[in-house]
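Below you'll find the structure, written out as structure tokens, and then a few comments.
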4 protein chains.
Amino acid sequence: MGKRKNSEKYHRIIEAATKIFADKGFYQTKISEIAREAGVADGTIYIYFENKDDILISLFEERMKEVLDNMREQVSKEGDPVKKLETFALAHLRLVEQNKSMAEIIQVELRQSSKFMKEYKNEQFLEYLELIAEIIRQGQRKGIFRKDIIPGVAKRAFFGALDEMSRFWVLSSRKQYDISTAARQISGYFLTGIKA
Amino acid sequence: MGKRKNSEKYHRIIEAATKIFADKGFYQTKISEIAREAGVADGTIYIYFENKDDILISLFEERMKEVLDNMREQVSKEGDPVKKLETFALAHLRLVEQNKSMAEIIQVELRQSSKFMKEYKNEQFLEYLELIAEIIRQGQRKGIFRKDIIPGVAKRAFFGALDEMSRFWVLSSRKQYDISTAARQISGYFLTGIKA
Amino acid sequence: MGKRKNSEKYHRIIEAATKIFADKGFYQTKISEIAREAGVADGTIYIYFENKDDILISLFEERMKEVLDNMREQVSKEGDPVKKLETFALAHLRLVEQNKSMAEIIQVELRQSSKFMKEYKNEQFLEYLELIAEIIRQGQRKGIFRKDIIPGVAKRAFFGALDEMSRFWVLSSRKQYDISTAARQISGYFLTGIKA
Amino acid sequence: MGKRKNSEKYHRIIEAATKIFADKGFYQTKISEIAREAGVADGTIYIYFENKDDILISLFEERMKEVLDNMREQVSKEGDPVKKLETFALAHLRLVEQNKSMAEIIQVELRQSSKFMKEYKNEQFLEYLELIAEIIRQGQRKGIFRKDIIPGVAKRAFFGALDEMSRFWVLSSRKQYDISTAARQISGYFLTGIKA
DNA sequence: TATGAATGAGAATTCATTCAT
DNA sequence: CATGAATGAATTCTCATTCAT
């Protein structure tokens, strides 16, 4: 029977879990809550998922692939590495804004939770980071970015800057600056900082 | 009963909890494991702490105060805002390097875990961030940093960059760059980016 | 709906259940396993059987009737009570040899399981035992067997001896003695013991 | 940790489990029933036992060792193999009479249940059987029992005869014959059957 | 203070059975 | 008749917390 990933219920459960995990955190979420939220019986969840962990992993992979593809596409539309990074920053923050729950889960449970960090090799996330490094390398080849920049450090600095910003967004209720302002600021000084 | 914070046992428990929380995560750590590691009985833990949550909070506050004081002192030694930020970056990463377990807990359990993020107003951490904002504002007043920089955004960008770097440090086993290189890079392009 | 006992599926399910119950035991067998083995859907089983218990009972009655009739016939062919008992012993062990799964179920689940022992009055099995008692009484009337033998005790002793032997057979992989040797031995000393 | 086999509670739990397993069977007994019967909390059971299986195994080993030692002693008091077997038969049936619950469990759950039969190498029971074989061999050496008797078959026949008898005892409510009569009958014709 | 055995609420998971298709 | 997805009651086991010693 496998996963029946096409099934409507599969998605209803993912949806419900996304919401509740984001709200209460993985460990504080009960299977029965997800079931109630999804409008199915507790047992039904186990038709679609191996166990509670599997819900989290599935939810992540399901969504992250989409995000990664989308980001790749947007970035590839631009030719200039500078524009690419600006696009990345804006798209990332927009994504977070539009998928608050998902963003919260990725930050809190998956990228951070020692359980998942250690057991689950988060390939997708690493690829996401690598997208940034690639842009930087490209800029270096073109002579736009300084040669002494270490892409492996810079990708983390850039991502970290955006990520901390989105954490603030995700967790605070009232936003003081709009997203594009923040994106522009961050890519702004980052770009100035790495330009040749 | 208050917190016999002077007691040697109190510290042994904090120490033990730091180690195990960092290793397995808050929810996957059993009180009995902390007790064993600390060389006390399970029940003894409840003489010094209200409950499991309280261990985590205490551990954090205990340590964070120290970190904050230390950072304030180091930063105040420098007069130049540029130097101050460079100092901050280096000191932060050094701290992480020297307190791997603690750093892991702050990242994974406290700054992230929705349980604590939402219930526990993390004053100390906000002050830590504010330290950066203050340096930036000072630099702006002195005309060293661009006026259009929003300190509230920049502090997060700077901290986020360092933080992502230290996450990498904390979680990866083999380090490719030494800490001061990373610190210099990060404060390097950040400073270039915000300079007038 | 009655039991469409003629249906091919009814027998396929009995067959499958016999195999799996013997292998894993009643409680550890899942309906879905029986269904898979029988090549039907889970729900189909409930068209032919009331519930899980009913499968076991049906399987037993179905088979036991056959065994009983067969044994009655074989025994009635002999006139001499001594020969009758020898025949019984050999036929019983042969039966076990040829129906390992069934024998296992009767021993383990039906004759033993307190659930079924207590709720299900096992008429067929009692008749099977009574067959032995009858032969003994006949022998006593003919003066061949000692009058002080209590048929109610002797039937159990004889059956028990054969049964323990077959349990050994059913559960051990390599047989050290062939069946007719064992049958001859057992009926041998039993007969000597009860002969006048 | 450990078994604390000396603990009074350990024995209260064993006692309770013996009673309820005998009454309802292993699979139909709930941990909470054992706990209630033993007058402890559910969780307490897990201080003394690994899991439900472990209760059954422990209960068996605890008791069987005692039985085995006791039987060995009684048998060794007699010099004559004939007397030894008579003693065995009587002692076995008396044991069953005095430990109805235990006897039921051994028969139903442990000697029979496919789960335990297959996973748990029942050494103690095999030794118990071997006790009979040893007496037979001894009798053969002394020329008292026929040389053509196969001890491996005869031990099972003898034990099986007693066992079937005790099953009857254990499971039927009104006893028609007293124990010593049955014991005498069984060892009676068995002995006649194997005597030289 | 310190102990650690005992507690029992709580939660994940299983699986016989049903029923809409 | 046949299906198999869905159900949800049932049950084992865990572990933070308590409290008598």
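Naming convention: chains lettered A, B, ... in sequence-line order (proteins, then strands); numbering from 1 in each chain. Because only heavy atoms are used, hydrogens play no part in the values below, and waters and symmetry mates are left out as well, while side chains stay in.
- Nearest-nucleotide mapping onto DNA chain F: of Gly39(A) and Ile31(B), the residue sitting toward the 5' end is Gly39(A).
- Between Val40(A) and Asp53(D), the one whose closest nucleotide on DNA chain F sits nearer the 5' end is Val40(A).
- With a cut-off of 3.5 Å on both pairing distances, the Watson-Crick or G-U wobble partner of dA12(E) is dT11(F).
- For Ile45(A) and dG8(F), the CD1 to P distance is 13 Å, given to the nearest whole Å.
- Distances shown here put a side-chain N or O of Tyr48(A) below 4.0 Å from the OP1 or OP2 atom of dA6(F).
- For dA20(F), the paired base is dT3(E) (Watson-Crick or G-U wobble, both distances below 3.5 Å).
- Classified by interplanar angle (parallel below 30°, tilted 30° to 60°, perpendicular above 60°), the ring pair Phe21(B)/Phe26(B) is tilted.
- When rounded to the nearest whole Å, the span between OH of Tyr10(A) and P of dA5(F) equals 16 Å.
- Gln28(C) places no side-chain N or O within 3.5 Å of a backbone atom of Gly25(C) that could act as its donor or acceptor partner.
- For Gln28(C) and dT12(F), the CD to P distance is 13 Å, given to the nearest whole Å.
- Atom-to-atom, OH of Tyr27(C) to C1' of dT14(E) comes out at 16 Å; the value is rounded to the nearest Å.
- Test Glu104(D), Glu33(D), Glu37(D) against Lys24(D) for salt bridge (charged side-chain N to carboxylate O under 4.0 Å, His left out) and you get one pass: Glu33(D).
- Put simply, CD1 on Ile34(A) is 11 Å from P on dT13(E), counting in whole angstrom units.
- A salt bridge does not link Arg12(D) to Glu15(D): none of the charged side-chain nitrogens sits closer than 4.0 Å to a carboxylate oxygen.
- Contact annotation: Lys9(D) reaches the phosphate of dA6(E) (side-chain N/O to OP1 or OP2, under 4.0 Å).
- Between the CD1 atom of Ile47(B) and the P atom of dC19(F) there is a distance of 14 Å, rounded to whole Å.
- Between the P atom of dT11(F) and the CG atom of Asn51(D) lies a distance of 17 Å, rounded to the nearest Å.
- Of the two residues near DNA chain E, Thr29(A) and Thr44(A), the one whose nearest nucleotide lies more 5' is Thr29(A).
- Using cut-offs of 30° and 60° on the angle between ring planes, the pair Phe49(D) and Tyr10(D) is parallel.
- In this entry the distance linking OH of Tyr46(B) with C1' of dT1(E) reads 17 Å, nearest Å.
- Along DNA chain E, the nucleotide nearest to Gly43(B) and the one nearest to Asp42(D) differ in position, and the one closer to the 5' end is contacted by Gly43(B).
- Checking dT3(E), dC15(F), dT11(F) against the side-chain heavy atoms of Lys30(D) singles out dT11(F) as nearest.
- Close to dT17(E), at under 4.0 Å from its OP1 or OP2, lies no side-chain N or O of Lys52(C).
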